[in-house]
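Here the structure comes first, spelled out in structure tokens, and everything after it is commentary.
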Amino acid sequence: MRGWSVLFRKEWRESLRNFKLIWIPLVFLLLGVAQPVTSKLLPDLVKQAGNLPEGAVMVIPVPQPMEVLAGTLSNYSTVGLLVLVLATMAAVAGERSRGVTGMLMAKPISAAAYLSSKWSATVLLSTGSLVIGYLGAWYYTEILIGPIDAGLALQGLALYALWFAFYLTVTLVLSALMRSAVAAAAITLLSAALLAVLGSSLPQWMKASPGILTARAQELLLGGLAQGTGGSVLLPVCITGIGLILLMVVGIAVFRRLPLTPQDS
């Protein structure tokens with residue numbers, strides 16, 4: 001346990017040294033605040049720059065508060081995921097190419113402790129960034145547009161936190177098993193896009209897929225699940241959690257057998 005805590009603190013210090021603890025939460029906060037602000041100001045901006053013919057009227061309604069939060073989460077599922085994957089893709093592959101992994105594993109450190117410490121630091125950073133950005137969106141939505149249903153908002157946040165954790169696990173495991181950090185990021189992003197497309201195209205067949213969690217969160221925020229128009233959220237949550245654990249177990253088992261130095265690779 002002591003070795004794990006040392007590795008975890010090492011990851012945290014590196015995140016601070018690389019400014020990840022600053023710029024990743026800042027990106028999420030900017031994305032979160034931008035959604036309610038633009039939603040409130042867009043009608044006025046269009047009116048000022050519309051150049052409409054005389055007598056013509058363009059009406060752009062201000063979205064409902066929960067719609068604004070849903071839009072915020074939608075931004076996180078694209079730009080937010082991209083930011084986190086790019087920040088995580090070299091977590092293991094980069095250290096192995098520099099010979100750091102070989103030096104660490106030469107000490108009495110297990111593969112499970114090495115990878116799980118990286119996973120914990122990565123998921124903690126991503127969840128913290130998501131919460132900071134989401135609270136920023138929540139605050140400005142309350143001020144500029146209207147009140148938020150706290151229960152639904154927190155449930156939507158939890159689904160997105162789990163979704164991020166799953167794909168960050170995919171990125172970390174691929175980074176541990178592949179030489180190329182870019183390839184690990186590309187496969188993760190392509191798999192996320194593919195599952196999202198399949199989830200919208202074949203909802204009956206993909207209702208247990210991790211990729212459906214974002215759609216369930218959107219439905220939840222907009223009242224779909226409460227009204228019975230959405231699918232069950234319990235099944236994809238359970239499958240995603242099980243898949244996350246299996247990815248880590250398989251990744252650790254394979255990582256033990258891989259060459260850990262650039263010369264052996």
Side-chain angles (χ1 to χ4, degrees), residues 24 27-32 34-36 39 63-88 122-123 125-138 141 148-172 185-244 247:
I24 293 180
V27 169
F28 273 74
L29 181 60
L30 291 175
L31 288 174
Q35 187 68 28
S39 297
Q64 296 298 310
M66 300 305 288
E67 293 176 341
V68 174
L69 279 190
T72 301
L73 290 181
S74 179
N75 292 336
Y76 289 152
S77 65
T78 52
V79 180
L81 180 64
L82 176 63
V83 167
L84 291 176
V85 169
L86 292 179
T88 307
T122 299
V123 171
L125 176 57
S126 69
T127 303
S129 300
L130 175 63
V131 169
I132 289 172
Y134 195 71
L135 289 178
W138 190 332
T141 299
I148 296 293
D149 186 318
L152 294 180
L154 292 176
Q155 292 176 58
L157 174 64
L159 290 180
Y160 260 77
L162 177 61
W163 183 78
F164 273 132
F166 177 80
Y167 282 109
L168 288 177
T169 305
V170 173
T171 307
L172 182 63
I187 293 174
T188 301
L189 295 174
L190 287 174
S191 65
L194 179 61
L195 287 179
V197 171
L198 291 176
S200 60
S201 304
L202 304 169
Q204 292 301 318
W205 294 96
M206 302 297 292
K207 59 184 178 180
S209 164
I212 207 70
L213 286 177
T214 54
R216 292 291 178 261
Q218 299 283 331
E219 293 171 6
L220 189 64
L221 290 177
L222 300 177
L225 292 178
Q227 297 170 3
T229 59
S232 171
V233 74
L234 181 60
L235 182 59
V237 165
C238 292
I239 294 298
T240 302
I242 294 172
L244 188 155
L247 278 170

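The figures here come from the full heavy-atom set of this structure, side chains too, leaving out hydrogens, waters and symmetry mates.
Under the side-chain contact (heavy atoms from CB on, under 4.5 Å) rule, W163 has a single partner from L73, T240, I212, L81, which is L81.
Between the S126 side chain and the V123 main chain, a donor and an acceptor come within less than 3.5 Å of each other. At least one donor-acceptor pair closer than 3.5 Å links the side chain of E67 to the backbone N or O of Q64. Using a distance-only test at 3.5 Å, with no hydrogens or angles considered, a donor-acceptor pair links the side chain of S191 to the main chain of T188.
In this structure the side chain of L31 never reaches within 4.5 angstrom of the side chain of T72, judged on heavy atoms. In this structure the side chain of L189 never reaches within 4.5 angstrom of the side chain of Y167, judged on heavy atoms. Between L125 and I24, some side-chain heavy-atom pair lies under the 4.5 Å cut-off. Side-chain contact between T127 and F164 is absent, with no heavy atoms from C-beta onward closer than 4.5 Å. When side chains are defined from C-beta on, L154 counts as touching W138, because their heavy atoms get closer than 4.5 Å.
Taking the six-membered ring for Trp and the full ring otherwise, Y160 and Y76 have centroids separated by 6.0 Å or more.
Between L69 atom CG and L220 atom CG the span is 11.5 Å, to the nearest 0.5 Å. Rounding to the nearest 0.5 angstrom, the gap separating the CG atom in L159 from the CZ atom in R216 is 10.0 Å. A distance of 10.0 Å separates OG of S129 from CG of L29, quoted to the nearest 0.5 Å. Within the model, atoms OG1 of T122 and CG of L84 stand 9.0 Å from one another, a figure rounded to the nearest 0.5 Å.
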Carefully, step by step, assess L247 and V170 under the rule side chain to side chain contact (heavy atoms under 4.5 Å, CB included).
CA-CA 7 Å; L247 278 170; V170 173; 3.5 Å; yes

Check step by step if side chain to side chain contact (heavy atoms under 4.5 Å, CB included) holds for L157 and Y134.
CA-CA 8 Å; L157 174 64; Y134 195 71; 3.8 Å; yes

Check the pair S74 / T78 against side chain to side chain contact (heavy atoms under 4.5 Å, CB included), numbers first and verdict last.
CA-CA 7 Å; S74 179; T78 52; 5.6 Å; no

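Residues D149 and M66 approach most closely at N-SD, 3.6 Å, considering heavy atoms. What you find for L168 and V85 is that their closest heavy atoms are CD2-N, 4.4 Å. Between Q218 and A70, the shortest heavy-atom distance links the atoms NE2-O, 3.0 Å. Shortest non-hydrogen contact noted between I148 and A153 is CG2-CB, 3.7 Å. Taking each heavy atom of S39 and P63 in turn, the nearest pair found is CB-CG, 3.7 Å. For P236 against L213, the heavy-atom pair with the smallest separation is CB-CD2, 3.9 Å.
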